[in-house]
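Quick note: numbers below take in every heavy atom, side chains included, and nothing from hydrogens, waters or symmetry partners.
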Amino acid sequence: MEEARLKTGIWVKAMLRQAEQTGNPGMVLHHGDDDAGGVLVVLLGRGGHMSVLAQTRTPDGRRAWFRATGEAAVDQAGVDAYVTRQMERDPDLWVLEFDTPDLTPPFEAKLI
């Protein structure tokens, strides 16, 4: 069964608030379409290690995430290159950034 879909702007505000409550502050790097924009999440870890999560859907329609820059951590240049390519394809894309020491999403996220 497909879950009800929140407008992206509302979902983003909720995730930022949830992350803040867990001690992992976040911010919006790029404001996308409020109603139905896609979302990229940049995770900032210790020692300059970074990862980008891209939003997808499971076969049953539930929100899920995958490590778009691969399983290994990347540097700022790798993140910038990936985000730039994606934003060229989809200008309605949201880009969020969270401080998270171990590159674990600071919000409820099914990683696939």
Side-chain angles (χ1 to χ4, degrees):
M1 183 166 114
E2 188 172 314
E3 67 185 17
R5 294 192 185 189
L6 287 174
K7 290 185 176 189
T8 306
I10 294 170
W11 182 87
V12 164
K13 287 178 185 175
M15 292 308 97
L16 290 169
R17 185 169 299 144
Q18 182 180 355
E20 186 70 34
Q21 290 174 344
T22 63
N24 301 99
M27 61 194 256
V28 175
L29 298 179
H30 184 265
H31 188 286
D33 182 77
D34 283 323
D35 293 330
V39 179
L40 290 179
V41 173
V42 177
L43 301 175
L44 300 174
R46 290 190 182 115
H49 294 113
M50 304 173 82
S51 183
V52 177
L53 302 180
Q55 186 181 32
T56 190
R57 294 279 173 178
T58 63
D60 63 354
R62 296 184 187 275
R63 185 184 320 264
W65 300 87
F66 66 95
R67 292 198 184 271
T69 51
E71 289 299 316
V74 295
D75 61 9
Q76 184 70 55
V79 167
D80 291 345
Y82 182 82
V83 170
T84 298
R85 282 192 312 271
Q86 296 308 308
M87 289 186 61
E88 287 171 354
R89 292 181 189 155
D90 183 2
D92 293 332
L93 193 63
W94 287 77
V95 182
L96 309 179
E97 180 179 271
F98 293 97
D99 287 328
T100 173
D102 57 0
L103 299 179
T104 300
F107 53 87
E108 186 176 328
K110 176 180 177 62
L111 289 174
I112 55 173

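Residues Ala64 and Thr58 approach most closely at CB-CG2, 3.8 Å, considering heavy atoms. Here the closest non-hydrogen pair linking Leu103 and Arg67 is O-NH2, 2.9 Å. Scanning both residues, Gly70 and Ser51, for their nearest heavy atoms gives O-OG, 4.4 Å. Across every non-hydrogen atom of Met50 and Gln76, the tightest pair is CE-OE1, 3.3 Å.
In this structure, Gln55 contributes its side chain and Val39 its backbone to a donor-acceptor pair below 3.5 Å. Under the 3.5 Å distance criterion, the side-chain polar atoms of Thr100 are left unmatched by any main-chain donor or acceptor of Pro106. Although no hydrogens or angles enter the test, the distance criterion places no donor-acceptor pair under 3.5 Å between the side chain of Asp99 and the main chain of Asn24.
Pairs engaging residues 11-36 under the salt bridge (Lys or Arg N to Asp or Glu O under 4.0 Å) rule: Lys7-Asp35 [sequence neighbours left out].
Under the 4.5 Å side-chain heavy-atom criterion for ILVMFWY residues, a single connected hydrophobic cluster contains both Trp11 and Leu43. Placement of Leu29 and Tyr82 within a single hydrophobic cluster is found when ILVMFWY residues are connected by side-chain heavy-atom separations under 4.5 Å, directly or transitively. Under the 4.5 Å side-chain contact rule for hydrophobic residues, Met27 and Val12 do not share a cluster. With hydrophobic clusters built from ILVMFWY side chains whose heavy atoms lie under 4.5 angstrom apart, Phe98 does not share a cluster with Val42. Taken together through direct or relayed side-chain contacts under 4.5 Å among Ile, Leu, Val, Met, Phe, Trp and Tyr, Val28 and Trp65 form part of one hydrophobic cluster.
A side-chain contact (heavy atoms from CB on, under 4.5 Å) with Val79 is found for exactly one of Leu44, Thr84, Val74, namely Val74.
Counting only heavy atoms from C-beta outward, the side chains of Val41 and Pro105 never approach each other to under 4.5 Å. Residues Arg63 and Arg57 meet the side-chain proximity criterion, which asks for heavy atoms closer than 4.5 Å. The closest side-chain heavy-atom distance from Leu111 to Leu53 is below 4.5 Å.
Atoms CG and NE2, from Asp102 and His49 in turn, are 12.5 Å apart once rounded to the nearest 0.5 Å. Remark: Asp92 CG to Met87 CE distance equals 10.0 Å, nearest 0.5 Å. Distance CZ/Arg89 to CD/Gln86: 5.0 Å, rounded to 0.5 Å.
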Could you please spell out the steps behind the side-chain contact (heavy atoms from CB on, under 4.5 Å) verdict for Phe107 and Leu16?
CA-CA 8 Å; Phe107 53 87; Leu16 290 169; over 6 Å; no

Test side-chain contact (heavy atoms from CB on, under 4.5 Å) on Arg62 and Lys110; report intermediate values, then the result.
CA-CA 9 Å; Arg62 296 184 187 275; Lys110 176 180 177 62; 6.0 Å; no

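Every residue two or more places apart in sequence or in another chain that forms a ring-ring contact (aromatic ring centres under 6.0 Å, His included) with His31 is listed here: Trp94.
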